[in-house]
Amino acid sequence: MTQAKVAAAAYTWVLKDGLGQLGAILFAGRFGKNFDADIKKWRLMSVAVLNLAFWIEITTLAFPKYFLIIAATANMGKNICFMLSSASRASINLRFAKNNNIADIQGKAVSQFTAASIFGMGFGLAITKAIDIQNLYHLVPTFVVLSTI
């Protein structure tokens, strides 16, 4: 029985990720040719979609019976965000590359992203010591404050 539960959890997790990735592919197929038209709009949209995806992901705590559909929807939003931010970042970095040094610019941009990610994970771990992350009354206000910042 335990192996069946582990297998079911693994299949659910893979299905959640697969549906999220499929949604991003469909989004790119529908809107991809518009990404170069207004880079700032798509970059801002990527941040908004990421915050919405996180919000949706938090709701899995309130509705655990619907984990797959809620988590797949949130994962779709995160995949769309990463696709939008990558597409807009490419155009933005190209504008910084004045000396035909796009690889250098991209490398530095990835380094900044990695440093911010490491800081964010550390900060997140510190916050989990202060709040109960399984309690929506603690998690939602924390999310709202951090998203606003």
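Model, not experiment: these values are computed from the prediction. Count residues from 1 along the sequence.
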Note to self: Checking side chain to side chain contact (heavy atoms under 4.5 Å, CB included) between D132 and each of N135, T128, L136, which is the one that passes?
What the structure shows: N135

Next item on the list: If you link ILVMFWY side chains whenever their heavy atoms are less than 4.5 Å apart, which other residues fall into the same cluster as I92? By chain and number, please.
Entry: I39, F96, I105

Check: Other hydrophobic cluster members with L94, side-chain heavy atoms of Ile/Leu/Val/Met/Phe/Trp/Tyr under 4.5 Å, chained?
Finding: I102

Is [Y] close to [X] at the side-chain level, that is, under 4.5 Å between some pair of heavy atoms?
X: R43; Y: L84; result: no
X: F54; Y: K78; result: yes
X: I131; Y: I133; result: yes
X: F35; Y: M83; result: yes
X: T59; Y: Y66; result: no
X: V140; Y: W55; result: yes

Looking only at atom types and distance, does a side-chain atom of [X] sit under 3.5 Å from a main-chain N or O of [Y], one as donor and one as acceptor?
X: K33; Y: R30; answer: no
X: N99; Y: N101; answer: no
X: T12; Y: A8; answer: yes
X: N75; Y: A71; answer: no

Same cluster or not: [X] versus [Y], using hydrophobic residues (I, L, V, M, F, W, Y) connected whenever any side-chain heavy atoms lie under 4.5 Å apart?
X: F63; Y: L52; result: yes
X: I127; Y: L50; result: yes
X: M76; Y: I69; result: no
X: L61; Y: L146; result: yes

Check: Which heavy atom of A109 sits nearest a heavy atom of R89, and at what distance?
Finding: CB-CD, 4.4 Å

Next item on the list: Work out which heavy atom in S46 is nearest to a heavy atom in C81; give both atom names and the distance.
Entry: O-SG, 3.2 Å

Separation between [atom1] of [X] and [atom2] of [Y], rounded to the nearest 0.5 Å:
X: K16; Y: T73; atom1: NZ; atom2: OG1; answer: 11.0 Å
X: H138; Y: T142; atom1: NE2; atom2: OG1; answer: 8.0 Å
X: N79; Y: D17; atom1: CG; atom2: CG; answer: 8.0 Å
X: I58; Y: F143; atom1: CD1; atom2: CZ; answer: 5.0 Å
X: S85; Y: I80; atom1: OG; atom2: CD1; answer: 12.0 Å
X: L68; Y: W13; atom1: CG; atom2: CH2; answer: 10.5 Å

Note to self: Please enumerate all residues that pass side-chain hydrogen bond (donor to acceptor under 3.5 Å, both in side chains) together with D36, with sequence neighbours excluded.
What the structure shows: S91

Notebook entry, point to check: Parallel, tilted or perpendicular: which fits the ring planes of F27 and F31, with parallel below 30° and perpendicular above 60°?
Noted result: tilted

